[in-house]
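Read the numbers this way: they start at 1 and go in the same order the structure lists the ligands and their atoms.
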Amino acid sequence: MQVIKTAAKMKEASTHLKKSQKSVGYVPTMGYLHEGHLSLVEKAKRENDIVVMSIFVNPLQFGPGEDFDSYPRDVNRDIQLAEEAGVELLFLPSAAEMYRENHAVSVSVNGRTDVLCGRTRPGHFDGVATVLTKLFSIIAPDKAYFGMKDAQQVAVVDALIHDFFMDVELVASKTIREKDGLAKSSRNINLSPIERDQAPYIYQSLQAGAAMIEQGERDPKAVISAVLAHLEAAGGNVEYVECYSYPELKKQDVLSGKIIIAAAVKYSKARLIDNIVLTIS
Ligand code: PAF
């Protein structure tokens with residue numbers, strides 16, 4: 001595996017791959033790799049000639065008071081895991097490389113962000129869209145792989161690619177979970193032992209909501225109330241439970257089509273999100 005630290009070198013490598021007609025699958029990450037990331041690499045390996053991963057904890061997508069400083073980092077372990085997983089090229093830029101002096105242009109997302117995490121994390125998706133625009137431009141992948149745990153991020157990336165006519169295919173993969181149902185996340189390491197025991201109730205609560213829909217409930221308010229009642233067992237502070245069309249993220253009076261039920265819970269040192277996307281036929 002080759003580790004590349006500058007945009008110029010990475011661009012050189014991707015131009016070379018394009019010339020040799022190799023298809024490139026790209027897995028963007030902020031590191032502290034877990035099985036969720038590695039399953040994206042596995043899928044990317046099956047579907048492409050070459051897999052590129054990036055590790056960059058993007059300061060632009062963290063708001064004031066958010067966990068940029070305490071976001072878990074372990075680059076040496078990540079390099080080893082990426083290599084073992086079969087990543088061919090690892091792009092590992094510094095913040096100074098990604099945001100050069102006099103950085104003047106950023107992307108502003110104005111749809112799909114007035115709900116869920118977008119409401120409580122102003123500027124977050126602008127930061128995600130800006131860094132991904134840079135990364136897509138440097139790496140020029142054929143396909144880019146994202147986990148559905150961050151379903152709103154997937155919806156925003158879908159809009160980014162579509163609105164900017166980007167030549168990259170978005171591949172969204174199902175959330176990878178611990179045995180007890182907790183969605184794998186780099187942030188789980190920041191849960192206390194008690195919180196770790198409580199956190200699986202987030203997914204169980206969402207499942208209770210999904211089961212109601214499967215049994216015929218079509219009122220989003222009824223589903224949300226039921227999820228909230230179950231969420232009491234999850235401890236923490238519930239930031240939201242919401243239900244929308246997916247990926248448009250529009251409110252519905254009567255649930256229909258493809259929908260998402262999503263929740264965010266704040267613990268002492270970690271804020272966790274999870275969701276279920278289902279199609280009502
Ligand atoms: O999901 C993440 O880890 C990040 O938001 C991403 C897509 C790598 C952009 O910084």
Side-chain angles (χ1 to χ4, degrees), residues 4 7 10 24-41 43-44 51-63 66-75 77-78 81-82 85 87 89-95 97-99 103 106-109 112-113 116-118 120-139 141 143-161 164 166 168-176 183-190 247 262 264 270-275:
I4 300 179
M10 187 64 236
V24 173
Y26 169 44
V27 182
T29 82
M30 298 205 300
Y32 213 73
L33 302 178
H34 52 69
E35 279 167 49
H37 301 113
L38 300 177
S39 79
L40 297 178
V41 172
K43 194 169 165 67
V51 175
V52 179
M53 174 187 274
S54 62
I55 297 180
F56 178 61
V57 186
N58 173 32
L60 209 66
Q61 70 189 71
F62 290 81
E66 287 189 359
D67 58 348
F68 177 70
D69 291 329
S70 60
Y71 196 83
R73 293 164 171 88
D74 191 342
V75 175
R77 175 177 162 274
D78 285 347
L81 287 173
V87 170
L89 290 173
L90 178 63
F91 183 45
L92 205 67
S94 65
E97 178 69 1
M98 291 302 284
Y99 298 105
H103 167 92
S106 54
V107 178
S108 161
V109 184
R112 304 186 173 184
T113 49
L116 305 172
C117 297
T120 46
R121 303 188 69 191
H124 168 69
F125 289 109
D126 294 352
V128 171
T130 299
V131 81
L132 286 176
T133 302
K134 287 167 179 274
L135 290 163
F136 287 167
S137 156
I138 296 166
I139 294 162
K143 294 183 180 182
Y145 294 79
F146 293 84
M148 274 302 286
K149 181 179 75 70
D150 299 312
Q152 190 171 19
Q153 172 168 278
V154 169
V156 167
V157 176
D158 171 61
L160 175 72
I161 290 174
F164 284 10
M166 288 178 174
V168 47
E169 185 187 326
L170 166 64
V171 184
S173 284
K174 73 172 188 356
T175 303
I176 303 295
K184 299 239 182 198
S185 164
S186 306
R187 289 183 167 100
N188 291 348
I189 188 89
N190 290 336
R271 174 183 173 280
L272 301 189
I273 57 172
D274 202 352
N275 68 79

(message) With a 3.5 Å distance limit and no angle check, can you tell me whether Gln152 reaches the backbone of Cys117 through a side-chain donor-acceptor pair?
(response) yes
(message) Using a 4.0 Å cut-off to any heavy atom of Val131, which atoms of ligand 1 qualify?
(response) 9 (C), 10 (O)
(request) For Thr29, take its heavy atoms, then give the atoms of ligand 1 lying under 4.0 Å from any of them. (result) 8 (C)
(message) I'd like to check the side chain to side chain contact (heavy atoms under 4.5 Å, CB included) partners of Ala129; sequence neighbours left out, ordered by chain and number.
(response) Val107, Val109, Leu160
(request) Determine, considering heavy atoms only, which of Met30, Gln153, Lys149, Lys134 sits nearest to atom 3 (O) of ligand 1. (result) Met30
(request) Could you verify whether a donor N or O on one side chain and an acceptor N or O on the other, from Asn58 and Tyr99, lie under 3.5 Å apart? (result) yes
(message) Ring of Phe68, cation from Arg73 - is the NZ or CZ under 6.0 Å from the centre and inside 45° of the axis?
(response) yes
(message) Pairs of nitrogen or oxygen atoms closer than 3.5 Å, one from Gln61 and one from ligand 1: do any exist?
(response) yes
